[in-house]
Structures are given as structure tokens and as C-alpha cells.
Amino acid sequence: AVLVLPQTPVADLDAQVTEEFPEAAMAIVREVDPDARILVEYGWGGYVIWAGYDDGARVFVDGRNDMYDQSILEDYSAIRAADAGWQELLADHEVEAMIWPPSVALTRGLLDQPMPDGTTWCEAYRDETQVLYLPTCPPD
């Protein structure tokens, strides 16, 4: 028996990556802080590892939940939902960049306030797929 599968054109794969993953945000991170500790949407962690690994980027969590202690997953969920204490969790985990879908609570003005440690996060990039926050805005 022979199994014949249609080949997906590379252009289709490139378009799919651009539409489904934070490609633009990662391009900025690689430019301004290539070895950043990145808090990223859970399902994007594998992409961010792939896109930033050679430069030293590290993710908070990725889709391999069995690789992380339960407390890390709980902290991730608390930050993502903007639960009480989320600002302290960001500082405790020394997060240096965040990439979220625009629908996440943090992207609705919560990061415009100074954090307890004095950090004011800068919205460095936004489109319909992704929002990138950095502790300092990159120069234009």
C-alpha cells in the first residue's frame, strides 16, 4: 500500500505561522532583548522557544504542562487572569517580556499602572493576534 499525502506549500505554512503565532512580537524581542524571560500565552510557548532559543530566550511555560511544577502553572494562570497578587508574581519570576492575545485581561489597561517594583510596562506592539509588553519601550 502507498499513502500519498498532498504537500502543503511553504508559503501556506509561513502564512499560518504569521496568523497563529506571535511572529512580529518575537522579532522585536529578538532585536531588543534576545535572551529575555518571556511570559507568553500557553499555546505559543513552543513557538517562542523555537524562535528565540538560539538567542537564549526562555519561556515561563509552554504546552508541556508535565514539565512544570503545579505552582508555576498556578502562577501563570493567576497572572494571565490578573488575579490578586499578579504584579508581585511578575516581579518574583523576573519576567522581562510578555506576549498575549489581545483578549487577555492584562491587555486592557492593567499594565498601564506602575507595578509595586516601579516598573511600568510598555505596549511595544499590538495587532489582531498579539500584544507585546516590555519593561522599557524600544526606540522608534
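- Remark: side-chain polar atoms of R37 are not paired, donor with acceptor, to backbone N or O of F60 under 3.5 angstrom.
- Within the 4.5 Å cutoff, the side chain of P135 has heavy atoms near those of the W121 side chain.
- The two residues L106 and A82 have their closest heavy-atom pair at CD2-CB, 3.9 Å.
- Taking every heavy atom of both residues into account, Q130 and A24 meet most closely at OE1-N, 3.6 Å.
- A distance-only check finds no donor-acceptor pair linking the side chain of R80 to the backbone of A105 [under 3.5 Å].
- Panel note: side chain R58, backbone G56; a donor-acceptor pair is recorded below 3.5 Å.
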Checklist entry - Would V48 and D62 count as a side chain to side chain contact (heavy atoms under 4.5 Å, CB included) if you check the C-alpha gap in whole Å, the side-chain angles of each, and the deciding distance to 0.1 Å? => result CA-CA 9 Å; V48 171; D62 61 52; over 6 Å; no

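- Annotation: the span from L134 atom CG to L111 atom CG amounts to 11.0 Å, rounded to 0.5 Å.
- Interatomic distance, CG of L90 versus CE of M98, reported as 5.0 Å (0.5 Å rounding).
- Going from atom CG of L89 over to atom CD of E74 covers 10.5 Å, rounded to the nearest 0.5 Å.
- Side chain of W86 to main chain of S77: no donor-acceptor pair is present (N/O by atom type, distance under 3.5 Å, no hydrogens or angles).
- Interatomic distance, OG1 of T107 versus CG of D112, reported as 10.0 Å (0.5 Å rounding).
- The shortest distance between side-chain heavy atoms of D75 and H93 falls below 4.5 Å.
- Considering CZ of R126 and CG of L132, their distance stands at 11.0 Å, rounded to 0.5 Å.
- Distance alone, capped at 3.5 Å, is enough to place a donor-acceptor pair between the Y76 side chain and the Y42 backbone.
- Proximity of a side-chain donor or acceptor of D117 to a complementary backbone N or O of T119 within less than 3.5 Å is detected.
- When every heavy atom of E20 is checked against every heavy atom of W44, the shortest pair comes out as O-NE1, 3.0 Å.
- Minimum heavy-atom separation, W100 to E41: CE3-OE1, 3.5 Å.
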Item to check | CA sep, side-chain torsions, deciding dist, call: Y125, V29, side chain to side chain contact (heavy atoms under 4.5 Å, CB included) | outcome: CA-CA 10 Å; Y125 182 81; V29 170; over 6 Å; no

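- The two residues I38 and M26 make their nearest non-hydrogen contact at CD1-SD, 3.9 Å.
- Rounding to the nearest 0.5 Å places CD of E23 at 10.5 Å from CG of D127.
- Across all their heavy atoms, G43 and F21 have their closest contact at O-CE2, 4.1 Å.
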